[in-house]
Participant: 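Take a look at the following structure, please.
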Amino acid sequence: MKLRGFRLALALLLSAGSLTTIACTSPVDPQSEQGAGTVSLPLVTSTGGNFRLHNATFSIDSMNGAHVATLDSESDPDAESLTVTLFQGPYRVRLLDGWQVDRIEADGTESPLAAALVSQNPQIIDVDASATTDVSFTFTTGQGTIVLGDGAIDIQFDVTANDGLDQCNLLYSYYCPSGQTCLLADASGRTFCASPGTLPVGSPCTSDQCVAGAQCLKVDQDNPDQGVCTQFCNVNDTTFGVNCLSLGLDDRTVGFVGPAPEGTCDLLAQTGCAEGEACQYSGGSFPSCGIPGTTPPGGACSGETCGAGYQCYYGTCTEICDARVSYPRTPGCYYCQNVGTGNAGRCYN
């Protein structure tokens, strides 16, 4: 798929996901005043293909926020499940960023799959000394829905397509359950809700562990195999400093934030232009280089007739200032007003 000179390859699922079930079993010490249960987190499934969850770190906290236990899949890379004994009661189980879903090939080698976590994260479990409680983490991958179920009892598996997942809006997260974000399922524009990660926009990625509002996509034509956490945007909005490129979906409003276009300069620092030119802003998302005008500071202006470092605001050539400093209190610039052009503001005396 071509997008304005960019090639789109989705570093995510192409159709579905994988379910991991946490199960709590019978009490360890029936003599104890407070019973205990065993929490087991399966890491392997073998129906619809062989899959393993790697680099998985589960943090378990009590409901008052106290940390109780940490389970790490790499503490025993060959283990098929992780277990820990806890006193009965409610707990919060969070899968930390860094996990990787791998497919186990026929020769025993493992291949990483692009995946997204579609279940809520963290999950709430209630350890009961006399019963078993199930909770699941569900991932989507190009292989379908991988189910790792009932880890401490009888592990059952299933692989199904994720066509039944609810659709959402990539630009407005309120279409998803609280704490989740909307992601692309494939190049057709189909969407689904998933739990976001903490990787910031611009970070290299292999699976969808990016912050809310972003997704692991391959959109760099110079490095087509590298996934990057890429922010979604509305191509119809004009936001200073945002180059919103179309994804080529049926919903034409959805785009992604691409690199600044060639010829962009720094309005505040007055850099990025050839000698004899000034960085000017006449509207749109980015400033550009041009020949500076001759209208003196404070003089009447129309368009780009002011000198370098000055901008025509409301018909007057006004000095450009750093909007991050509201009160520079320098000669000619007592107050710096944010006028929606990034760090470049407008001076007031």
Side-chain angles (χ1 to χ4, degrees), residues 1 7-21 41-59 71-82 94-119 121 136-149 151 155 157-162 165 181 183-187 190 192 194-211 214-230:
M1 175 192 279
R7 190 176 75 179
L8 174 64
L10 301 179
L12 61 156
L13 63 125
L14 291 180
S15 66
S18 145
L19 182 90
T20 304
T21 300
L41 298 98
L43 300 173
V44 176
T45 184
S46 58
T47 297
N50 295 318
F51 303 92
R52 175 180 287 277
L53 184 62
H54 268 306
N55 300 321
T57 302
F58 296 90
S59 179
L71 299 180
D72 183 358
S73 65
E74 303 314 291
S75 61
D76 182 358
D78 296 324
E80 295 192 358
S81 64
L82 300 172
R94 181 183 297 276
L95 174 61
L96 304 184
D97 284 351
W99 52 263
Q100 176 66 55
V101 176
D102 285 1
R103 179 177 57 242
I104 304 174
E105 308 292 355
D107 61 2
T109 60
E110 298 183 6
S111 303
L113 298 173
L117 176 63
V118 297
S119 59
N121 189 29
S136 62
F137 287 91
T138 305
F139 301 87
T140 62
T141 74
Q143 304 300 309
T145 300
I146 308 164
V147 179
L148 308 171
I155 300 181
F157 308 101
D158 190 17
V159 177
T160 59
N162 74 342
L165 292 177
T181 189
L183 299 178
L184 275 172
D186 52 36
R190 190 164 55 87
F192 66 99
S195 292
T198 59
L199 291 177
V201 172
S203 299
C205 55
T206 56
S207 289
D208 284 307
Q209 300 176 56
C210 306
V211 295
Q215 185 165 0
C216 189
L217 303 178
K218 296 176 180 177
V219 293
D220 185 353
Q221 60 180 357
D222 295 327
N223 194 7
D225 295 326
Q226 178 62 63
V228 176
C229 287
T230 306

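Everything numeric in this text was worked out from a predicted model, so none of it was measured.
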Participant: At their closest point, which heavy atom of Asp78 faces which heavy atom of Arg52, and how far apart are they?
Facilitator: O-NH2, 3.5 Å
Participant: Can you sort out the partners of Asp97 under side chain to side chain donor-acceptor pair (under 3.5 Å), two or more places apart, ordered by chain and number?
Facilitator: Thr198
Participant: Gln100 side chain to Leu113 main-chain N or O, any donor-acceptor pair under 3.5 Å?
Facilitator: yes
Participant: Testing the basics here: between Lys218 and Asp225, what is the closest heavy-atom pair and its distance to 0.1 Å?
Facilitator: CE-O, 3.5 Å
Participant: Can you name the side chain to side chain donor-acceptor pair (under 3.5 Å) partners of Ser195, sequence neighbours left out?
Facilitator: Gln180
Participant: Of the non-hydrogen atoms in Ala56 and Leu95, which two are nearest, and what is the gap between them?
Facilitator: CB-CD1, 4.0 Å
Participant: Going by salt bridge (charged side-chain N to carboxylate O under 4.0 Å, His left out), name the residues that satisfy it together with Glu74, two or more places apart in sequence or in a different chain.
Facilitator: none
Participant: Would you please name every residue forming a side-chain contact (heavy atoms from CB on, under 4.5 Å) with Thr230, sequence neighbours left out?
Facilitator: Leu217, Val219, Val228, Phe256
Participant: Under the 3.5 angstrom rule, does the side chain of Asn121 hit a backbone N or O of Arg94 as a donor-acceptor pair?
Facilitator: no
Participant: Sequence neighbours left out, what passes side chain to side chain donor-acceptor pair (under 3.5 Å) with Ser75? Give chain and number order.
Facilitator: none
Participant: Tell me, please, which residues at least two apart from Leu199 pass side-chain contact (heavy atoms from CB on, under 4.5 Å).
Facilitator: Ser203, Cys205, Gln209, Cys229
Participant: Of all heavy-atom pairs between Asp102 and Glu110, which one has the smallest distance, and what is that distance?
Facilitator: OD2-OE1, 3.3 Å
Participant: CD/Gln226 to SG/Cys216 distance, rounded to the nearest 0.5 angstrom?
Facilitator: 7.5 Å
Participant: Provide the closest heavy-atom pair for Asn55 versus Ser73 in the form atom of the first, atom of the second, distance.
Facilitator: N-OG, 3.1 Å
Participant: Please name the pair of heavy atoms, one in Phe192 and one in Leu184, separated by the smallest distance, quoted to 0.1 Å.
Facilitator: CE2-O, 3.5 Å
